[in-house]
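The structure appears right after this line, and notes come after that.
Every chain is numbered from 1 and lettered A, B, ... according to where its sequence line falls, protein lines coming before strand lines. Just so it is clear, the structure is predicted and the values come from calculations on it, not from any experiment.
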Amino acid sequence: MTFNAEDFPNRFDHAQAQQRIYAMWEERGYFNSDPDPKRKPFTIVIPPPNVTGALHLGHALNNTLQDVLIRARRMQGYNALWMPGTDHAGIATQAVVEKRLREEEGKTRHDLGREKLVERIWQWKQQYEGRILGQLKRLGASCDWRRTRFTLDDTCARAVRHTFFDLFNKGFIYRGKRLVNWDTFLQTAVSDDEVEQKTVKGHFWHFRYPVIDPQPGEPQFVTIATTRPETMLGDTAIAVHPDPAAALDKLEAELKEKLAKAPGKEKAGVEAQIDETRRRRETMLPLLVKLRDMALDGRMVMLPLLDREISLVADEWARPEMGSGCVKITPAHDPNDYDVGLRCDLPMINILNPDGTLNENGGPYKGLNIQQARKNVVTDMEAAGLLESVEDREIELPHSDRSKTPIEPFLADQWFVRMDELAQSAMDAVSDGRVKIFPPRYAKGYLDWLSEKRDWPVSRQLWWGHQIPVWSQICRDKETADRLIAQLDGDADVAAGRVSYQLELDVEREAAERHDHTVRGAAKVKIPYGTLHVCILAEDDKLAARYEKQGYVREEDVLDTWFSSALWPHSTLGWPEKTPELEYYYPTSTLITSRDIITLWVARMVLTGLNNMGDVPFREVFIHPKILDGEGETMSKSKGNGIDPLDVIDKFGADALRYGMTYLTTETQDVRMPVQFECPHCEELINQTRKNRELPRIACSKCNKPFSTQWARTAEDLALPRGAVVSERFELGRNFCNKLWNAARFALINMPEFEAGPVADSDLAVEDRWVLSRLATVTQEVTDALQEYHYADAARALYDFAWDEFCSFYVEMVKHRLQDESSRVAAQRVLAHTLDVLLRLLHPILPFITEEMWQLLAKAAPRRGLPKPTPAAESIMIAEWPIADAARRDARIEDRFAQFQQALGALREIRARQNIAPKNELEFTVRCSAETADLLQPMEPYFASMANAHSIGWGENVEPPKTNATVSLPGMDIIVDLKDYIDVEAECARLKKQQDKLAGLIQGKEKKLSNAGFVDKAPADVVARERESLAELQQQLETVRTALADMNCKS
RNA sequence: GGGCCGUUAGCUCAGUUGGCUAGAGCGCCGCCUUUACACGGCGGAUGUCGGCGGUUCAAGUCCGUCACGGCCCACCA
C-alpha cells in the first residue's frame, strides 16, 4: 500500500484512535488469560480502587506502571494476568452516601434503616464501579475484565467468612473491651491509621480532689491537671509514682548524660531541666512519698461533683517530674489510663454515649455534649473552690480522617486479630527474601511496624461491609455458661467443624470481684459473668436461625475493609475453592502500590496469604513515588489541586499521560508536578497558586476571558465553560508521541512497494550499522530497566534513542538513499525493521500510538525484519518482545558516529555563530590524525546533507585557509574557510572564552598529574587517561591560540 | 521523640560500583515556514552539586554533623 503525505495526517488523533483500538483489543480477547500449564504465568492483582469516587492522578500512576509491566511480560511470552477489581471501602463509602442522604433528603442512616441504607450504597457502588473501570479502560489498562472482583461480592465474602472462622477457631480472633478511637460523628470506631493528630489551642486545668479523712501530716487535697476536665466524671483513681525518689534520680542521671552529648545551644535547656528536677526533689518529694504511702495503705480520695470515692494507686505512669506529680486516671477514656486501669484492676467507667453526649455515669451532666459538659464541670469546680489554676496550652488532639471531628477514646466491645504469630510469619517472609520489596529501604518500615505485633482491631460499627459471622449470648453467671457450653459440645455442627465457639470472660467483673470495687464504684448494674460467642463458617440461614432461637444474637458490626482487601491475592482467584486459577497463578508475581499502605495492606496480605495458602501472596513488591503538586502538597479534590486523569487524556492523550507517569517513576519518595488551569477559550495554561486554586472563577491571563473551576456554585459561574486542571508536564509525552508519529509518517510515505527480504551485510550503510548497533544496546537497556522497575530509565532510554538517534540522525541520513534506486531497497528494509523494533519496545508505555503505527506499518510492510523478514503480528499487543541482537553491536561504528556528530556540531555551531544562511555551502578542513581522517572521510556525503558543508582537506598537516573559524575538539580541529562571512569580534570573543576554559582545565590536570600520590596510587589506566586528556587539551589550546593570533584579536 | 526521603541550571528532575570538560525536558536568547514533524529544526547562555568537617591520589557520589523542606510512626496528665 502507498501512503501519500496529503492524506496522511501529521497529528495523531488520539481521541478517535484510543477508543477504536481499545475496542479491538478487547474484542479479540487479548486481555484474557486462562491457566495453561504449558506456559509460565505472570500475575498482578490490582490494588482495588475505592468505589468512593473517581480515579485521581495517583491511580493513573499506579495503574500505568502495572500495565507497562503486564504488557511487557505478555510480549515476552508469559501468560500474563492482570486481575482487576474494586474495594468497598467501608467507612469512606458509607460516609459519602450518608452525607448525600443528609444533604439531599435531610435523613440519617437511622431514618432509613440498615437494609435500605445498604441498598443505597450498592446503587452508589454500581455507578462508581462502572465509572472507575471505564477510567481504567481509557488509560489503556489491559486487565482481564471477565475476572473483575469486588471486595464485597460473593466470592470475596466466602473468603472472608472462611478466614474469620479459621482465625476464630485457632483463637487468633477474640472480642475484648478496648479503648477505641471513637468518631462521635460517624458513630464508629476508627483504626489508629484513620486518625491524624492536630495541634489546637486548649487549656490546662489544675483541679483539687479532697483526701478522705486526712490524718495529721497528710495533705487535705491532691492536685491533678487535665486538658479534658469533663473526663474527671469517669475517673476511678489518682496515681502517684511508686518510688518517686528513684524516678527523679534516674531522670537526673539521664539528663546529665544528655547534657554531655548535647550541642552547645541545647545545653542551657538541659541544664534548666536538671535544675527543675533538683528543685522538685527538694520541694515535692516529701509530699509524693507521703501520697505513695497512702496509696499503699489503700486510702481513697473524693471525686468532686459526683461525690464518688476513688482509689489512690501507685503506678509508674505517674511521673514525679510532670505537673503535680499526681495524675487522674480515667481508664475508659484515655489509652494510658486504660493501661493503668488494667495494671491496678481499676473499674472502668464509660461516661459517653455513642453520639458523644454524656450518659448516666455523668450524673447531673448527663445528656450534655462534650463542650457543654466541659464548661459546666469547670464552672462547678471553680464554684466548689477546687479549681487551682488554668493555663493556656497547645495540645495535640486526635481527629478522625473521615469526619474531621475530634476523636474520643471510648471503651467498647471490639473484635481483634491476635497478631503475634501472624505478624512474625509476615516478618520472616520479607527477612528471608520470599517477598522482595523494591526499593529495599521500604522493608524497614514494614518490619518495624509488624515487630510491634499490636493486635488488629477489625470490627467497625458500620452497616456497609462484611458483617461479622458471630452470634453471641450473655451469660449472667458461670452456671449458665457451663450449661450452654455443654450444649455446644454436643452440637453436631460444632463436631463437624462448621461452627466454633468461644467464651469471653468479663474483664471488669474479674477485676471487680478481686477488689470489690462494685461496692464503691459507679457500676450500678450487675456485671455478667461473660459472653459466649458462636461463629458459623458458611452463610446458612437455617443454622443461624437455630442459634438465634437458642438466644444467640448476631453481631451487628462489620469487619474493617482491610480484612477483605488482605485476602485479595487469593480471594480473587477463588479461594477457598481449589480453583485451577489459584493453583496456576498463586503466588502472584508483583504487587505495585504506594508507600502509604505498606503496613495497612501489603503486610496484611502477606500474613493472610501465609495463613490461608501457606505461601506468600506475591514474590515482589514495587513501591512507587507519590505525586505532589508544585507547592509540595498532596493533591486532593478538597484543595482544588487535583488533576483528573481524564482531563489529561482528553487534552494530551492516554499515551502522553502514561509516558509522563513512567518518566517520573524513579526511586525517589515523591515527585512534584506543578499544576495549571487550562483556559477553555484559548488553551493557555495558567499556573495554579494557593490563592487562585480556591476561586470559583478565573480570568485567563492571555485572552482575559473568564472560566469556572470546581468551586463554581452561582448560576453565573456555572454558566461559564470549565477550566480543566492539568499539568504542562504532560507536554513532554505528547510531543514525543508527535515526533514518533511523524517519523513513522515519513517512513511510510517513503516505502511504497516495499519488498520484504534480507539485507546483505555489504549493503548495509554506515548509518544502518550504527542504528542497528544502538538499537541492540537500547533493547537491552529497556529490557533490563523494566526488569528492575527502573521505569524512568526505560522511558528516557527510549526517548533519547527515538528522538536523538533514530529521528535526528538515522532518518535524516537515510533520506537521500531513499531517493536512490540502487540503495533504496536496503534502506527501506533497515528502516522498517528499526521502526518495528522501536515500536515494540515502546508499546508497554505507549500502547495506543504504537498500535496505530503498527497497523499502518503492516499495510506498507506486512512482512519485515532483519536478518530474515517474518509476517508481522496482527497486533503489537501480541507481538514478541525484541531480543537484543548482540552481534549487531559495533563499537567502531559507534565511535565513528560520536566523532562525526561532534564534527557536525562544530560546523553547525560555526554557521550559527557567523550567521551563515543554510543555503550557503561551507568549506571546511579537518586537522586530525590519519586514523581519524580514515574514520570520518567516508561520512563526507552526510556533512553535505546535514550541514551543507564539504571538506577540502584532511590530515595532520592540513593548511587552513587564512580567514577561518575554528572549533577545537578532542582529537581534531574543525576549520571553516570563511572568506568574507566572518564576524571577527564574535569569533575572537568565543576563542578567548574557550582559551580561558582550556587553560583552567589544563591547570587542574597538571596539578593532578604532578601530585605524586595520584600517579602512584591511582590505577594506571586512570593516570594514562588523564595524561592523554591533558595532551589533547594542550593541543586544543594551541589551536585556539594560533587562531587568536591569526585573527589579530585584541588580547 | 524514632525512622525514612529530598536539597544538582529560573522550574521539574537524571547522574549506576568514587575517576575523562556534571546532563535532560521545560523556560530563556539567536537563527530557520530545509518537501516527517513549529507538539518542529539548528545553535547558544545559565551550576560555589544546601552549609561545615572527614576519609581518599581523587567526592555531586562514601562517612559525620548542621540547616531547610517533606513523609511515615509513636506521643505524656
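Side-chain polar atoms of A:His14 and A:Glu852 form no donor-acceptor pair below 3.5 angstrom.
A salt bridge does not link A:Arg796 to A:Asp800: none of the charged side-chain nitrogens sits closer than 4.0 Å to a carboxylate oxygen. Ionic pairing of A:Asp996 and A:Lys992 is not present here: no N-O contact between side-chain nitrogen and carboxylate oxygen is shorter than 4.0 angstrom.
Regarding A:Arg729, its CZ atom lies at a distance of 12 Å from the C1' atom of B:A24, rounded to whole Å. The nearest whole Å value for the distance from the CG atom in A:Leu798 to the P atom in B:A14 is 18 Å. Between the C1' atom of B:U55 and the NZ atom of A:Lys1017 lies a distance of 12 Å, rounded to the nearest Å. Between the CD1 atom of A:Ile910 and the C1' atom of B:C42 there is a distance of 14 Å, rounded to whole Å. A:Glu852 has its CD atom 21 Å from the P atom of B:A36, to the nearest Å. For A:Met661 and B:U12, the CE to P distance is 16 Å, given to the nearest whole Å. In this entry the distance linking CG of A:Asp1021 with P of B:C20 reads 12 Å, nearest Å. Between A:Leu732 atom CG and B:A14 atom P the separation is 14 Å, expressed in whole Å.
Looking at heavy-atom distances under 4.0 Å, A:Lys626 makes no contact with the nucleic acid at all. A:Gln1036 comes within contact range of at least one nucleobase, with a heavy-atom separation under 4.0 Å. Using a 4.0 Å heavy-atom cutoff across all strands shown, A:Arg796 reaches sugar-phosphate atoms only and no base atom. Residue-level contact check: A:Arg11 touches the bases, meaning some heavy atom is under 4.0 Å from a base atom. Using a 4.0 Å heavy-atom cutoff across all strands shown, A:Glu781 reaches no nucleic acid atom at all. Using a 4.0 Å heavy-atom criterion, one finds that A:Arg913 contacts no nucleic acid atom at all.
Closest to the side chain of A:Trp803, from the set B:A24, B:G40, B:A36, is B:G40. With B:C39, B:C20, B:C71 as the choices, the nucleotide that has an atom nearest any side-chain atom of A:Arg595 turns out to be B:C71. Looking at the side chain of A:Phe746, the nearest of the listed nucleotides B:C4, B:A36, B:C75 is B:A36. Closest contact between the side chain of A:Glu1026 and the listed nucleotides B:A36, B:G3, B:C20 involves B:C20. Closest to the A:Ala743 side chain, of the nucleotides B:G70, B:A36, B:C20, is B:A36. Closest to the side chain of A:Arg908, from the set B:C37, B:G19, B:G43, is B:G43.
The backbone N or O of A:Val675 lies less than 3.5 Å from no partner atom in the side chain of A:Asp629, so there is not a single donor-acceptor pair. Although no hydrogens or angles enter the test, the distance criterion places no donor-acceptor pair under 3.5 Å between the side chain of A:Arg745 and the main chain of A:Phe3.
No hydrogens or angles were tested; on distance alone, nothing pairs the side chain of A:Glu667 with the base of B:A14 as donor and acceptor under 3.5 Å. Between the side chain of A:Arg745 and the base of B:C37, no donor-acceptor pair of N or O atoms lies under 3.5 Å. Between the side chain of A:Lys739 and the base of B:C37 there is at least one donor-acceptor pair of N/O atoms closer than 3.5 Å.
Residues satisfying the side-chain contact (heavy atoms from CB on, under 4.5 Å) criterion with A:Gln1003, sequence neighbours excluded, are absent altogether.
Residues A:Asp337 and A:His333 have side chains not in contact (no heavy-atom distance under 4.5 Å, counting atoms from C-beta outward).
Residue A:Thr666 has a polar side-chain atom (N or O) positioned under 4.0 Å from OP1 or OP2 of B:A14.
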Task: Under the 3.5 Å Watson-Crick or G-U criterion, the dot-bracket string of RNA chain B, with | for inter-strand pairs - done: (((((((..((((.....[...)))).(((((.......))))).....(((((..]....))))))))))))....
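Relative ring orientation between A:Tyr789 and A:Tyr791 is described as tilted, the plane-to-plane angle lying within the 30° to 60° band.
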